Q: 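Following this message is one structure expressed as structure tokens.
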Amino acid sequence: MTHPYYPSGNPRFNHVAMSVPADLLGESSRSEILRFWDDVFGFAEMPTMTVDRKRLILSCVHWDQFIFLIAEEDPMRCPRMDHFGLAVGSLEELQGIQERAEAFRRTDARLDLIDLHMDDQQVVKIHSLYLQYILPLMCEFQYWEFAA
């Protein structure tokens, strides 16, 4: 069922934007960011959009969903649990993220990982984990397991 304002289908998030210090978008820091997002999530740089020390855009598997990082003199600052969320289609996919994150954390202790856990709402079990690496916002991944 769709909403009357959106007869072609429900709106969906297509990007998250964060302001960061310019140094974070320099070559060495940028490569660390790219390594994490690729190794753990399979997200890749949109290289034609990269401007050294100014902009980095990470495709979230498909070009129309992305993370937009922009350099600012007064960059975003967030409490630890401020986050954005993404959903996956299976518990196995979520467990794969957990495993890859654990492997990454063994090489870089800066990864803040809140391990896979489940919130049982009776009608739905929400499985989730949270990750933060270098960027100001934490990222939550969820899988919703509906009761049969």
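Note that the structure is predicted; figures quoted are calculated from it, not measured. Just so you know, these numbers use all the heavy atoms, side chains as well, and skip hydrogens, waters and symmetry mates.
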Q: Which distance, rounded to the nearest 0.5 Å, do you find between the CG of Asp82 and the CE of Met138?
A: 10.0 Å
Q: Using side-chain contact (heavy atoms from CB on, under 4.5 Å) as the criterion, list what pairs up with Glu92, not counting sequence neighbours.
A: Ser90, Gln95
Q: Could you check if a side-chain atom of Ile134 sits within less than 4.5 angstrom of a side-chain atom of Leu111, using non-hydrogen atoms only?
A: no
Q: Using the rule that Ile, Leu, Val, Met, Phe, Trp and Tyr join whenever any side-chain heavy atoms are under 4.5 Å apart, tell me whether Leu116 and Phe84 fall into a single cluster.
A: yes
Q: Which value, rounded to the nearest 0.5 Å, describes the distance between Phe66 atom CZ and Ile57 atom CD1?
A: 6.0 Å
Q: Who are the side-chain hydrogen bond (donor to acceptor under 3.5 Å, both in side chains) partners of Arg110, not counting sequence neighbours?
A: Glu32, Asp108, Tyr133
Q: With a 4.5 Å cut-off on side-chain heavy atoms, are Gln132 and His83 touching?
A: no
Q: Taking NZ, NE, NH1 and NH2 as the nitrogens, is one of them in Arg77 or Asp74 under 4.0 Å from a carboxylate oxygen of the other?
A: yes
Q: Charged N to carboxylate O under 4.0 angstrom, Asp23 versus Arg53?
A: yes
Q: Are Ile70 and Val51 connected, step by step, through hydrophobic side chains (Ile, Leu, Val, Met, Phe, Trp, Tyr) whose heavy atoms are closer than 4.5 Å?
A: no
Q: Work out which heavy atom in Tyr143 is nearest to a heavy atom in Gly89; give both atom names and the distance.
A: CE1-O, 3.4 Å
Q: Return the CG to CD distance between Leu91 and Gln98, rounded to the nearest 0.5 Å.
A: 11.0 Å
Q: Tell me the closest heavy-atom pair linking His127 and Leu94, and the distance in Å.
A: O-CD2, 3.4 Å
Q: Is a side-chain donor or acceptor of Arg100 paired with a backbone partner of Gly96 at a separation under 3.5 angstrom?
A: yes
Q: Kindly work out whether a path of hydrophobic side-chain contacts (I/L/V/M/F/W/Y, heavy atoms less than 4.5 Å apart) joins Val88 to Val124.
A: no
Q: Going by atom type alone, with no hydrogens or angles, which donor-acceptor pairs under 3.5 Å involve a side-chain atom of residues 14-21 and a protein atom two or more places apart or on another chain?
A:
unit_1: Ser19; atom_1: OG; unit_2: Met76; atom_2: N; d: 2.8

Q: Please tell me whether Leu86 and Met118 are part of a single hydrophobic cluster in this structure, the criterion being side-chain heavy atoms less than 4.5 Å apart.
A: no
Q: Does Tyr5 have any ring pair (Phe, Tyr, Trp, His ring centres under 6.0 Å) partners at least two apart in sequence or in another chain, and if so, which?
A: His3
Q: Shortest non-hydrogen contact from Gln121 to Asp119?
A: NE2-OD2, 2.7 Å
Q: Do you know the tightest heavy-atom contact between Cys78 and Pro136?
A: CB-O, 3.6 Å
Q: So, taking the atom named CD1 in Ile33 and the one named CG in Leu58, what distance separates them when rounded to the nearest 0.5 Å?
A: 7.5 Å
Q: Can you see which heavy atom on Arg35 is nearest to which on Phe104, and at what distance?
A: NH1-CE1, 3.2 Å
Q: Could I get the full list of side-chain contact (heavy atoms from CB on, under 4.5 Å) partners for His62, not counting sequence neighbours?
A: Asp64
Q: Consider side chain to side chain contact (heavy atoms under 4.5 Å, CB included). Of Asp112, Ile114, Leu113, which one does Tyr130 pass it with?
A: Ile114
Q: Between Val61 and Phe68, is there shared hydrophobic-cluster membership here, with clusters defined by ILVMFWY side-chain heavy atoms closer than 4.5 Å?
A: no
Q: Which value, rounded to the nearest 0.5 Å, describes the distance between Leu69 atom CG and Leu24 atom CG?
A: 7.5 Å
Q: Are the side chain of His117 and the backbone N or O of Ser128 linked by a donor-acceptor pair below 3.5 Å?
A: yes
Q: Counting only N and O atoms by type, is there a donor-acceptor contact under 3.5 Å from the side chain of Glu27 to the main-chain atoms of Ser31?
A: no
Q: What is the minimum heavy-atom distance between Asp115 and Glu102, and which atoms define it?
A: OD1-OE2, 4.3 Å
Q: Any ion pair linking Asp52 and Arg30 (charged N to carboxylate O, less than 4.0 Å)?
A: yes
Q: Verify the neighbour count for atom CZ of Phe146: are there more than 12 heavy atoms of other residues, nucleotides or ligands below 6.0 Å?
A: yes
Q: Could you tell me the separation between the CD1 atom of Ile67 and the SG atom of Cys60, rounded to the nearest 0.5 Å?
A: 4.0 Å
Q: Report, one line per pair, each donor and acceptor closer than 3.5 Å where one atom sits in a side chain of residues 38-50; sequence neighbours left out.
A:
unit_1: Glu45; atom_1: OE2; unit_2: Thr50; atom_2: OG1; d: 2.5

